[in-house]
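What follows is a short report on a single structure.
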Amino acid sequence: MVMTKLRALACGTAAAAMLGGALPAAAETFITIGTGGQTGVYYVVGQSICRLVNREASKHGIKCTAPSTGGSIANVNAIKSGQMDMGVAQSDVQYNAYEGKGDYEGDKFDKLRCVFAVHPEPYTVVARKDAKVENFDDLKGKRVNVGNPGSGSLTTTEVVLKAKGWTMGDFALASQLKPAEQAAALGDNKVDAIIYTVGHPNGSIQEATATVDANLVNVTGPEIDKLVADNPYYAKATIPGGMYPGTDKDTQTFGVKATFVTSADTPDEVIYEVTKAVFDNFDRFKKLHPAFADLKPEEMIKEGCTAPIHAGAEKYYKEKGMM
Ligand code: GLU
């Protein structure tokens, strides 16, 4: 929930009048952005947005923080319950929450609003070389870290398993370690493979492939083709060969987009300022993580948002002729 308190200011005439001229004051607004694990990209999305917002705090009075969280589902639920104002969420999670489908069956979040889409997130599987896993189907009977509770990685894994007619029981172990723990688990031979729906390159996969001989795994086949054909938020994705040690060839998979979302209850002025902070400083934003390098503003407001665009963001996009 947006928290506002009065702060003393040298000017601030309207507030001063309200207070009978006693104390010049203006509103200071505190906002929180839900992110993901610290070795992922969501954490950097939130930190980057806050950095740009906080640079202008003396003008608009908005102070932003972006703590680490469990990921997409945790963020959408925190926005829904009013604990957080904004958050990063996979496009499939956004779609399901707004439409009341999948994890949100019978629990539609009508007030969910999109601000913009960010980077693509391929569904990424990394296996120890000694586990001999080339395609997702080779994971049957293996020890797999399927994603932590609250993460989009876990929900997308559940979708993949359902499409294949598998259950978690088809794995010898289905652990739910957090992103920050999974690279070590792979290196220590506690699991054969890890799953992470995440932008590239990122610290977690870098760490995993640097500490143990490991390869990225293709996630392809008729069930994946059908998932992509049937759902607007899925697309085929390629992780370029050579991006991580141990995988020279391109890896074929499918994926979603990271999206930046909020609630219709978040005030228009706040979302307007947050949107402005990102797009007025877009070159600076793009440099804050290599996964942002190819972002294009026009695409960020056209692809990945299925919930309505928040009115405060729309005001900014219209002013700039972006929509
Ligand atoms: N896509 C992941 C999730 O929804 C998070 C990825 C990241 O933190 O960059 O949980």
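Indexing begins at 1, ligand by ligand and atom by atom, following the structure's order.
- Atoms of ligand 1 lying under 4.0 Å from at least one heavy atom of V198, given by number and element, are 9 (O).
- In summary, K111 and D265 engage in a salt bridge, as defined by a charged side-chain N under 4.0 Å from a carboxylate O.
- Note: no N/O pair closer than 3.5 Å links G71 and ligand 1 by distance alone.
- Under a 4.0 Å N-O distance rule, the pair E314/K318 qualifies as a salt bridge.
- Considering backbone and side-chain N/O atoms, Y43 never comes within less than 3.5 Å of an N/O atom of ligand 1.
- Atom NZ of K226 has 12 or fewer neighbouring heavy atoms from other residues, nucleotides or ligands inside a 6.0 Å radius.
- Judged by the shortest distance from any of its heavy atoms, Y196 lies inside the 4.0 Å radius around the atoms of ligand 1.
- Taking a cut-off of under 4.0 Å to the non-hydrogen atoms of S151, the atoms of ligand 1 that pass are 10 (O).
- Between F292 and F285, the ring planes are parallel. Angles under 30° get that label, and only those over 60° would be called perpendicular.
- Nearest protein heavy-atom neighbour of atom 3 (C) of ligand 1: G152 N, 3.2 Å.
- Under 4.0 Å is where a charged nitrogen must lie from a carboxylate oxygen, and between E121 and K257 no such pair does.
- Between F254 and Y234, the ring-plane angle classifies as perpendicular under the 30° and 60° cut-offs.
- What sits closest to atom 4 (O) of ligand 1 on the protein, heavy atoms only, is S72 OG, 2.4 Å.
- Identified under the ring-ring contact (aromatic ring centres under 6.0 Å, His included) test for residues 174-199, with sequence neighbours left out: none.
- At a 3.5 angstrom cut-off on N or O pairs, V41 counts as close to ligand 1.
- Using cut-offs of 30° and 60° on the angle between ring planes, the pair Y316 and Y272 is perpendicular.
- Nearest protein heavy-atom neighbour of atom 1 (N) of ligand 1: T197 O, 2.6 Å.
- Remark: ligand 1 and Q90 share an N or O pair separated by less than 3.5 Å (distance only, no angle test).
- The shortest N or O to N or O distance between Y42 and ligand 1 is below 3.5 Å.
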